[in-house]
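Okay, structure first, notes after.
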Amino acid sequence: MADGVPGAGSALPAQSVSSLPLAALNVRVRRRLSLFLNVRAPVAADWTVLAEAMDFEYLEIQQLEKYADPTSRLLDDWQRRPGASVGRLLELLAKLGRDDVLMELGPSIGAVGWWWLSLTNTCKARSVTSRLSLHSASLQVPIRSD
């Protein structure tokens with residue numbers, strides 16, 4: 001996991017992935033995470049173990065158990081907490097030994113990362129362009145010749 005996303009080749013540098021907000025994960029990736037983590041298995045870490053690693057308390061985890069898709073709800077709740085990021089999620093999955101999830105979803109998360117970064121860069125470029133346009137418009141005041 002040296003580059004931040006296993007199996008994704010030269011997808012994203014680790015620093016870029018770690019700084020992505022969890023909101024960057026699209027519905028498809030979240031649903032696939034749920035397919036892996038909603039299943040209670042004694043041999044693999046499920047969503048409850050991930051919730052504990054995310055510092056959710058016992059009573060919070062009990063509340064999440066009531067939902068049909070507790071992994072999705074867990075991610076929604078966690079993304080409002082400080083420190084929640086795509087990179088941190090990948091770190092926790094690696095720490096919990098969920099290499100199967102990382103290998104399966106790593107390329108998708110890398111693609112989401114590229115999309116998110118390009119969207120962010122596009123928004124920044126538009127902001128700079130509009131500021132330049134406004135600035136240049138204020139300099140192009142017609143001169144009266146009367």
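We number each residue from 1, following the sequence as shown.
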Could you tell me whether the side chain of [Y] reaches within less than 4.5 Å of the side chain of [X], counting heavy atoms only?
{"X": "Ile61", "Y": "Trp47", "answer": "yes"}
{"X": "Arg80", "Y": "Leu22", "answer": "no"}
{"X": "Ser85", "Y": "Leu20", "answer": "no"}
{"X": "Leu89", "Y": "Trp78", "answer": "yes"}

Considering all heavy atoms, the nearest Asp55-Arg81 contact: O-NH1, 3.5 Å

Within 6.0 Å of CZ in Arg31, more than 12 heavy atoms from elsewhere: no

May I ask you to decide whether [X] forms a salt bridge with [Y], counting only side-chain N to carboxylate O separations under 4.0 Å?
{"X": "Glu104", "Y": "Arg98", "result": "no"}
{"X": "Asp76", "Y": "Arg30", "result": "yes"}
{"X": "Asp77", "Y": "Arg73", "result": "yes"}

Check step by step if side-chain contact (heavy atoms from CB on, under 4.5 Å) holds for Leu50 and Phe56. CA-CA 9 Å; Leu50 179 61; Phe56 279 77; over 6 Å; no

Would you give the length of the straight line joining atom CG of Leu93 to atom CG of Leu37, rounded to the nearest 0.5 angstrom? 6.5 Å

With rounding to the nearest 0.5 angstrom, report the CG to CG distance, Leu59 to Leu64. 11.0 Å

Between the side chains of Asp46 and Asn38, is a donor N or O closer than 3.5 angstrom to an acceptor N or O? no

